[in-house]
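Encoded as structure tokens, the structure appears first; notes follow it.
None of these values were measured; they are calculated from a predicted model.
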Amino acid sequence: MDSGLLVLRLVVGLLIAGHGVQKVSFRLGGGGLAGGTEEFRRDGFRGGRLTAVAAGGSQIGAGLFLAAGLLTPLAAMAATGVMTVAGTVKWHKGLWVQNDGYEYPLVLVTVSAALALTGPGDWSLDHLLGLPSWPLWAAVAAIVIGPVSGLVTRSVLHHPPAAVALTDGRTRHARTAD
């Protein structure tokens with residue numbers, strides 16, 4: 001079981017961290033901080049640069065902590081929060097990833113939550129450092145607080161497209177810059 005948890009933690013944790021690296025740098029195919037900022041603005045978020053740094057930093061930290069098996073419920077809380085926001089951005093496109101849907105963020109949220117509930121296993125920094133196992137209530141709290149905080153963050157930082165009047169009297173929606 002410990003070897004399975006290690007593989008799961010490494011793959012999912014490093015993918016989440018890599019996703020964050022793309023938001024703030026040119027590494028791993030990212031567009032640099034300017035590209036991450038533009039992505040958030042295109043998706044209708046306020047804050048631009050600060051939002052990109054916060055999301056990217058959360059993904060990098062959560063992913064590395066999950067991969068290492070360090071403070072696993074807290075890492076899962078951060079991962080589920082930021083990936084819940086990613087899922088909401090893709091929600092209107094449906095479930096499947098081939099349509100740019102929310103399938104991938106949902107998988108990352110689910111696996112992160114499962115890791116919070118199972119714990120990282122014996123092949124982890126938590127175990128190496130002698131940290132006690134987290135009680136079930138703490139893991140459950142983490143996997144509830146993560147997505148809820150992501151949804152609250154989205155509601156605060158996201159703004160709907162503004163209506164723009166066209167010359168023929170109709171209106172259309174357009175994103176506004178911060």
*Show your working on side-chain contact (heavy atoms from CB on, under 4.5 Å) between T72 and T118 and close with a plain yes or no.*
CA-CA 9 Å; T72 303; T118 63; over 6 Å; no
*How long is the span from the NZ atom in K93 to the CD atom in Q98, to the nearest 0.5 Å?*
13.0 Å
*asked:* Is it the case that the side chain of R46 and the backbone of T51 share a donor-acceptor pair, with hydrogens and angles ignored and the cut-off at 3.5 Å?
replied: no
*What are the two closest heavy atoms between V24 and V53, and how far apart are they?*
CG1-CA, 4.1 Å
_Show the nearest heavy-atom pair for residues T37 and A52, with the distance to one decimal._
N-CB, 3.7 Å
*Going only through I, L, V, M, F, W and Y residues with side-chain contacts under 4.5 Å, is there a path from M77 to V144?*
no
_Approximate separation, where rounding is to 0.5 Å, of S112 OG and I16 CD1_ = 3.5 Å
_F45 and H158 aromatic ring geometry - parallel, tilted or perpendicular at 30°/60° bounds_ = perpendicular
*Heavy-atom pair of closest approach, residues Q22 and L28*: NE2-O, 2.7 Å
*asked:* Would you say L74 ends up clustered with L128 if hydrophobic residues are merged whenever their side chains have heavy atoms under 4.5 Å apart, either directly or through other cluster members?
replied: yes
*Linking I/L/V/M/F/W/Y whenever their side-chain heavy atoms sit closer than 4.5 Å, directly or via other members, would I143 and L115 fall into one cluster?*
no
*Separation of T84 OG1 from W91 CH2 (nearest 0.5 Å)*: 11.0 Å
*Kindly give the heavy-atom pair with the smallest separation between A79 and L66, and that separation in Å.*
CB-CD1, 4.0 Å
*Would you please name every residue forming a salt bridge (charged side-chain N to carboxylate O under 4.0 Å, His left out) with D2, sequence neighbours left out?*
none
*Which atom names give the shortest non-hydrogen contact between A142 and T80, and what distance separates them?*
O-OG1, 4.3 Å
*Not counting sequence neighbours, which residues clear salt bridge (charged side-chain N to carboxylate O under 4.0 Å, His left out) with E103? List them please.*
none
_Any side-chain heavy-atom pair of N99 and K90 under 4.5 Å_ = no
*Any chance you could measure L14, atom CG, to R9, atom CZ, to the nearest 0.5 Å?*
10.0 Å
*Do L125 and M1 belong together in a cluster built from hydrophobic side chains that touch within less than 4.5 Å?*
no
*Any chance you could measure F40, atom CZ, to L50, atom CG, to the nearest 0.5 Å?*
10.5 Å
*Linking I/L/V/M/F/W/Y whenever their side-chain heavy atoms sit closer than 4.5 Å, directly or via other members, would L8 and M83 fall into one cluster?*
yes
*Of all heavy-atom pairs between D126 and P120, which one has the smallest distance, and what is that distance?*
OD2-CG, 3.7 Å
